[in-house]
Structures are given as structure tokens and as C-alpha cells.
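None of the values given here were measured: they were computed from a predicted structure.
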Amino acid sequence: MRLRRLKCTSVQRRNEQLKTTIVDDKHKGFEITGGSTGLNVQGYVKNVTSKGCFIMLSRMIDARILLSNLSDGYIENPEKEFPAGKLVHGRVLSVDPASKRVEVTLKTDLKTKGAKSDASDFCNLHVSDVISGQIRRIEPYGLFIAIDNTNVVGLCHKSELSDEPIDNIETRYQAGDRVVAKVLKVDEERHRISLGMKKSYIGNASSAPIISNHDTDDGSFDGIAAVDDTLQQNDDLPHTEKMFGCDNEARAVLEQAETRASVLPLQVVLDDSDGSDLDNATVSQEIVNLTNMAAKKSDRRMKKKAKEERELEISASEERNLQKDIPKTADEFEKLVRSSPNSSFVWIKYMAFMLSLADVEKARSIAERALRTINIREEGEKLNIWVACFNLENEYGSPPEEAVKKTFQRALRYCDPKKLHLALLGMYERTEQHKLAEELLERMTKKFKNSCKVWLHCVQSFLKQGKDGIQSIVNRALLSLPRNKHIKFISQTAILEFKFGVPDRGRSMFEGILREYPKRTDLWSIYLDQEIRLGDVEVIRALFERATFLSLPPKKMKFLFKKYLEYEKARGDEDRIEHVKKRALEYVESSLA
């Protein structure tokens, strides 16, 4: 009983203290009531985030200030302008007494965050006008540009920034930059403006008047308030594009994306044969399979391709930066690795520099540092370092074979086993250590018997060395591989036969799978590519004739006829070209009948 009385007494004291604190707050600070909207208040900055800041109005009440409401003008660095503890004066925008949420603005004008841009500003803007402005904000899908001498903010979509594709907008533009753009679309009802910054737009519109070309340091950005708030609450890209008038119909007319320029890959080869021996097959298959691929697979492939291209672009950028200012001392390399700690390219260059000074132990210690420093999520970068270690031990190990095996066993604990085995196999093949490569391949075919790539490496190794027994390897592979990988394995084995073995064996393999799958245009395309590479004109034309006499859907037949016509334009004469056109016309007439 005594314990219960003590507990009740402590709870009553705590409630009395809380009531006293709330009463004191009402007298000493800001009181939360429904009629507080528009009230002038002051408070101290509590903390700053990427979306705004929080200020302390009293001991118990905090208020939120969105980024768009921090100032009438553009603020490049909110954390610097509003340090913790700074006293600020503002006006209450909204109050929610139930949740005690208060929203404040520091703007000096009378416009609220929901205010729309002046109708007169939109009336003065027309399609094809050339405007100047300042970049207000950068998003992955485009730039928000505040048009000079207006309260209007337009969106320049990523596809309209340049005539060439841009992967990372932030590397080319910064908030606050001055730009010139062309008005592509004006939606006065929804107060949306679409802009374009391509050189072709500006060049073609050079004679058009520039609506606003005055450099203003403190331009008005009030019109962006509603845009900022909307985007902060909903970051969905398709919705945002639609909201700003960047619908598919408008972009379909304006988008003309060019082919990406090739960039140099990272100079650490993980698998030579993947790039050199099977490229033609992969490219050919991709070209044809795009016509038959489901939307889900297509999206997955495009995402993977974009990621690979991004990695290659980063690697090429690092190489270009390194070539501009090549480090010549260990101290310069130390600065470089500190600035790019996750770049295997930089670490490997540092190792090579130490080897050029004949300091092998220092190179080993740098490799160990790299493995400890590179983020655990960067699996590819770590794998590159392990490959560099293989090469280092293979060259300077004592004895090399044992040193490489020891390093390989260490790496197995941290890396993907299959990728690591393929990397070691690539090193053995480059250094022509055929015996070690054969032993490794034998282990790999047992450990990764369901991998098509491993069996193809085995076939390629036998063919390059001119050994017999290819058929037994093919039979073993077909027994081990899942059925859905048989076509891929047989077709690429046939390609290897065309390149390194006996072409007749490759032909028999292609004929076998085409008898079973006669409507697979990707197989026909690969087969034709191999025959074209050998150059026997009669065989090539006979194969084209067989393929174009097939009864396939129009889309697939169009691909075959187009390939046939391109070959005759390159190798044949006018009669052969007319023959192909006539054959195509006959197919169209027969299909219509």
C-alpha cells in the first residue's frame, strides 16, 4: 500500500510540473491556437536539413520552415546562412493545434506558398521565345529554371538539356548557374512551362528576342514555392513530369537521342574471352531478341546496361583526370587515393608506380590498404584489386605458383567464387600457363557445372590448343546444364568452332538446333554472321535464300530481308539487289493474299 501511494504521489507531481510548464510556455512564448495564422513570431534556429530548418518558438513548441520559405531569393547554402542558435523573424503560415505543428515562413512579401505565378507573366511568354534565367534546383530528371524578371519557374527536362545524352546532370550544372533556354510549351491553366536548352534550339532561335536577359543577383523565386512543396511531398518522377507538362506526346516530338559515345573501360581485364571471342554472338542476339523480348526483361536489361555504362564513364573520367595531372611522387598518389578511396583504378596505378621503383613490398602493402579501404559494397572494385594481386604474385611471388594460390584462397573468403575463378583463369590464359589453366578448368566444371560460361571457356581452351575430344566436353556440358541453357551453349560452341576449330562442325550444330527451332531468327542471324565472316558467297546466298523462304511473322521476315539486302549492297551488284527486293515483294503479296 505504501508503494502504491508513493507511485501515485510521483505521478501527480509529474503532471503538476507538466501543467506548470505548459502554462509557463503560453505566457513566455508562442501559444498554439487556430487563429495564430499570420502572426509575426521570432525563434532560434534548432537544426537545418536539406528540406528546410526547424526553429524553437518556445521551450515546448518548434516550427518548421520549408526550404522554399527561407528567403525571398535563392540560398545556395542554407546551413551556412542559418546556423544553429541564430535568431530569425517570420510569419506563421499554418497551425495544427491537435498535433502542435506550426509552419512558418521567413519571406518578407505577402505571398503564401500556394500562390500561383502572375497571369501576366505567362501571357508574356510564348512558345519559341528565348529566355534567360538562373538554375533554381537540380533533380535527376531535369533543371528548374527561374526566369529573369518574372515569378515563373520552368522545367527543362533531362532530354532537352543537350543534343547529346547526359547521364549525370549534377556534374555539368550547379544551382545558381546562369542559362539561356527556349520555351517549348506554355500551359497557362496549370501554370506550367517546359523549356529546352539544346544548342539546336538556341541556334535556330537566334533571331528570336530574348524575353529576359538582365543579370539579377537577387531575383525573385516566389513562383517556385508551390513547386518545391509539391516535390518535397511527392518525388515520383512520372507524376512530376506530367504535372509540369512534360507529357509523352511533347517529348516524343522533341527527343532525338543519339548513340552513346564509346568510353574506355577500366584497364583491368577480368575475362579476355568474354570480350574477344563471343562479342559477335552477343551483339547479334541482342539485336534480334529486342523484337521478341517482354517489357519486364527489356526494362531489366536497360537498367543493367545503364549501370554498366555509368561505371565505364566513371572509369574513363578517372583515367582522363589522371592523365591530365599524372602523380610523380608517393605523396601525390596519397592525395589521389584519399580523394578517391573507392576507385580501384587509382589504387592499381599507385601499385604500378611502386613496382616501377622496384619496391614490391610497398606495392603489396598498398594492395592490402586498398582492400581495407574500399567500401564493402563495391564488389567490382575489390575484385579488381584481387586481380591486380594475382598479377603481382605471378610476377614477383616466390615461388609464383604457390603465392598466387595462397592469394586466391584468401580472396575466396571475400569475393564471388565464380567471378574469382574466371578472373584467375583469365590470368593463366594471358600468361600462357596452359597446364594450370587446365587444372583450374577441371575444378570449375565440377564446382560450377550449371554455368554455361564455364563450359564455354573449357571448349574454347581445347579448341585454341588444337586438342581432340571436343564432342565429349559438349556431351558432358549438355548433361550438366539446365535445359533452358542448351540453345545458348550449342550456338556459342558452334561460333567457337567457326573461329578456332572446324567450320563444318559448327555448321552441323547450327543445322541441328535450327531443325528443332526453325522460327528462331536470332539463331539464323548468328549462323549468317559466321558464314559472312568466312566469306563463301555461294554458301551465304544459299543460306539467305533458305531463311527468306520461311513462313514467319512479318516483323521477323522484315529483319531477314533487311539483312539480306544489306549484304548484297555491300558485296553484290544491282541484279542481286533487285533480286532481294523482288523476293521481299513476293513475300508481301503472298502474305496479303
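- A side-chain donor-acceptor contact under 3.5 Å links W455 to the backbone of K449.
- Side-chain contact of E361 with S365: a donor-acceptor pair under 3.5 Å is absent, judged by distance alone.
- In this structure, R178 contributes its side chain and I135 its backbone to no donor-acceptor pair below 3.5 Å.
- F448 and H421 have their aromatic ring centers within a separation under 6.0 angstrom.
- Counting heavy-atom neighbours within 6.0 Å of Q465 CD, excluding the residue itself, gives a total above 12.
- In terms of modelled atom types and a separation under 3.5 Å, the side chain of T445 and the main chain of E442 share a donor-acceptor contact.
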Point to revise | Test log, rule side chain to side chain contact (heavy atoms under 4.5 Å, CB included), inputs I374 and I385 | key: CA-CA 10 Å; I374 295 175; I385 299 297; 3.7 Å; yes
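- The aromatic rings of Y141 and F144 stand perpendicular to each other, their planes meeting at an angle above 60°, with 30° marking the opposite boundary.
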Exercise for review: Run the numbers on V179 and M197 for side chain to side chain contact (heavy atoms under 4.5 Å, CB included), then give the verdict.
Suggested key: CA-CA 8 Å; V179 294; M197 291 170 53; 3.8 Å; yes
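- Summarising the local packing, CD of E379 is surrounded by 12 or fewer heavy atoms from other residues, nucleotides or ligands at distances under 6.0 Å.
- Side-chain contact of S344 with K382: a donor-acceptor pair under 3.5 Å is absent, judged by distance alone.
- Separation of atoms CG (L371) and CH2 (W386) is listed at 5.0 Å; rounding is to 0.5 Å.
- There is no side-chain donor-acceptor pair under 3.5 Å between Y428 and E438.
- In this structure, K467 is positioned above the aromatic face of F462, its NZ or CZ under 6.0 Å from the six-membered ring centre and within 45° of the axis.
- For the pair K46 and F54, the NZ or CZ position fails the cation-pi test of under 6.0 Å to the six-membered ring centre and within 45 degrees of the ring normal.
- Using a 3.5 Å distance cut-off with no hydrogens or angles, the side chains of Q433 and N394 do pair a donor with an acceptor.
- Relative to the ring axis of F82, K86 places its NZ or CZ within 45° and under 6.0 Å from the centre.
- One finds the CD1 atom of I376 at 11.0 Å from the CD atom of E378 (value rounded to the nearest 0.5 Å).
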